[in-house]
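Scope of the values below: all heavy atoms of this structure, side chains included, with no hydrogens, waters or symmetry mates. Convention: sequence-line order gives letters A, B, ...; per-chain numbering from 1.
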Number of protein chains: 2
Amino acid sequence: MGKQRQVASDAGLSKQRVVVEAVRLADREGVDGLSMRRLAGALGAGAMSLYHYVASKEELLDAMIDVVFEEIELPPEETDWQSAMRRRAVSARQVLARHPWAIGLMESRTTPGPANLRHHEAVTACLRRAGFSVLMATHANWLLDSCVYGYALQEATLPFDTADDFADMAEDAYLPQLPPDQFPYLNESAAALVAAGYDPAEEFMFGLDLVLAALEPLRASA
Amino acid sequence: MGKQRQVASDAGLSKQRVVVEAVRLADREGVDGLSMRRLAGALGAGAMSLYHYVASKEELLDAMIDVVFEEIELPPEETDWQSAMRRRAVSARQVLARHPWAIGLMESRTTPGPANLRHHEAVTACLRRAGFSVLMATHANWLLDSCVYGYALQEATLPFDTADDFADMAEDAYLPQLPPDQFPYLNESAAALVAAGYDPAEEFMFGLDLVLAALEPLRASA
DNA sequence: ATAGTACAGCGTACGACGTACAGCGTACGA
DNA sequence: TCGTACGCTGTACGTCGTACGCTGTACTAT
């Protein structure tokens, strides 16, 4: 027995490698498919070996969330505040769409990781430099994050991804469940949206732009 | 052996009773504390008895989400659209604060239950009657729901509940982790907000009112 | 060269989980 | 009186997180 070459890797383990592989596994199979044994298997290691790098599965999940935050673009400093906020919000939404499990995990983990904190600092900095007061910057922060999380959550619960999927879904599975006399407005909406080639992916930009525009006059230096 | 009086109830089981008790248990102990065995115990029954009323735990979770939707107030019909939407949004936020586990569950369950559909229909009806076009009503729906879910999620991840908790938390646990040279803006915010007796519970109303005001001019009949 | 120590990784075991399956006692129609 | 259907349950299986104690290797001090 003894140390031997791993099948899935060219080197020993590390917290970094463990967490990154965990994110990949969760992306592929969902959080429910992520077990310490399966993760260890993917790393070519024994289950208990992981506990040399992570104190518990809880800590692993915390670290995974922080990896997700690391992927989100920080607001660029060289543009106006609206463009900067739009960029980082769009990036955040993309990242959350790539890792849908993350949104469901956040509810239960209450201690922000370093990447999360760095992110928060950068966003606050951008807002303050744009002329928002401390209190107003806090408001804006909450509101913008609510948009990101809210839309991400709603998109995650949608049973379809693209405009075409939506059309198929609506006609095949959704509408037949909705008797028109009980749900006249939902029927009206579904019919009209399918006819217009509606794409739910555009919803986010509508909300984000509306919020950004509404925040603009609340800057002290506006 | 045979049928005998249950300890926790005065009658036999039913899907209703099972699901309601599951919600109670989740409220008390969190989703992770909700197991079929413990739920059965709380109902004074054997674990496998539950499967006569729910096909699987997945179905139980779906049903629990729908119970949550049932608790949310529908928009009243006799007022202007803004008041109606504000009422139901506030109600939704309260309900989600009462059942924090619900927000984390939604990500994974993609089929809306009857209460969810009824709710959606009522909100859409309110918006359409207020003069929003089909497309604009859809936009408004997404945006308002994003607010509700987004704020609910952020509040759930906060490690404190009240303004006093916030002050204690910030000074004892949060700030010491944030070196002022790395996180100048977060330090500034925390200090200023603690001094002002900041209460995060007020955030939601700020975002909601801002969004409602920004939607107002988008009505066709405005 | 030798002994000692630290460390990365693993095998086994335990209690709890979701649930398939094969019962059980009771109530009721014939 | 008997059958049969129904509400309910105990047992068992595979999987989960993880406590514990053991390996073999690498490095340090002598």
Side-chain angles (χ1 to χ4, degrees), chain A residues 1-26 28-65 101 104-105 108-109 111, chain B residues 1-26 28-65 101 104-105 108-109 111:
Chain A
M1 207 72 61
K3 174 174 282 188
Q4 60 201 36
R5 286 281 134 259
Q6 320 290 342
V7 304
S9 68
D10 48 333
L13 298 176
S14 74
K15 176 155 183 177
Q16 174 80 352
R17 260 171 60 70
V18 168
V19 176
V20 166
E21 188 63 38
V23 168
R24 257 213 292 269
L25 219 171
R28 208 163 353 110
E29 324 236 10
V31 238
D32 291 344
L34 171 68
S35 78
M36 298 303 269
R37 283 174 237 257
R38 306 235 282 134
L39 174 55
L43 288 160
M48 290 314 291
S49 307
L50 306 181
Y51 286 89
H52 278 261
Y53 306 96
V54 185
S56 63
K57 192 176 186 183
E58 290 286 288
E59 193 193 289
L60 174 65
L61 296 176
D62 278 336
M64 288 169 67
I65 292 283
W101 45 268
L105 273 190
S108 45
R109 23 237 71 249
T111 41
Chain B
M1 208 64 69
K3 173 173 283 190
Q4 60 201 33
R5 285 281 134 258
Q6 320 290 341
V7 305
S9 68
D10 48 333
L13 298 176
S14 74
K15 175 155 185 177
Q16 174 80 350
R17 260 173 59 71
V18 168
V19 176
V20 166
E21 188 62 39
V23 168
R24 257 212 293 271
L25 219 170
R28 209 163 352 111
E29 326 238 9
V31 236
D32 292 344
L34 171 67
S35 78
M36 299 303 269
R37 281 175 237 258
R38 307 237 279 135
L39 174 56
L43 287 161
M48 290 313 293
S49 308
L50 306 181
Y51 285 90
H52 277 258
Y53 306 96
V54 277
S56 63
K57 189 175 188 184
E58 290 285 288
E59 193 193 288
L60 173 65
L61 296 176
D62 278 337
M64 289 170 67
I65 293 284
W101 46 267
L105 272 190
S108 45
R109 26 235 69 253
T111 41

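Following rounding to the nearest Å, A:Leu50 (CG) and D:dA19 (C1') show an atom-to-atom distance of 15 Å. Going from atom CD of A:Glu59 over to atom C1' of D:dG17 covers 15 Å, rounded to whole Å.
Taken from CG in B:Asp62 to OG in B:Ser56, the straight-line distance is 8.0 Å, to the nearest 0.5 Å. Note that CG of A:Leu25 and OG of A:Ser35 are 8.0 Å apart. Values are rounded to the nearest 0.5 Å.
Base pairing of D:dT1 is made with C:dA30, judged by Watson-Crick or G-U wobble geometry with both donor-acceptor distances under 3.5 Å. In this structure, D:dA19 and C:dT12 make a Watson-Crick or G-U wobble pair, each of the two defining distances being under 3.5 angstrom. Figure legend. D:dA26 is base-paired to C:dT5; pairs are counted as Watson-Crick or G-U wobble with both atom distances under 3.5 Å.
Nearest heavy-atom pair across A:Ala26 and A:Met64 is CB-CE, 3.8 Å.
Counting heavy atoms from C-beta outward, A:Trp101 and A:Val23 have side chains that approach closer than 4.5 Å. Looking at heavy atoms from C-beta onward, A:Leu60 lies out of side-chain contact with A:Leu50 at the 4.5 angstrom threshold.
Each of A:Leu13, A:Leu43, A:Leu34 was compared with A:Glu21 under the side-chain contact (heavy atoms from CB on, under 4.5 Å) criterion, and only A:Leu43 meets it.
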Practice task
Mark up nucleotides 13-23 of chain C, 5' to 3', with B wherever a protein heavy atom is under 4.0 angstrom from a base atom, S wherever such an atom reaches only the sugar-phosphate, and - elsewhere.
Solution key: B---BBBBB--

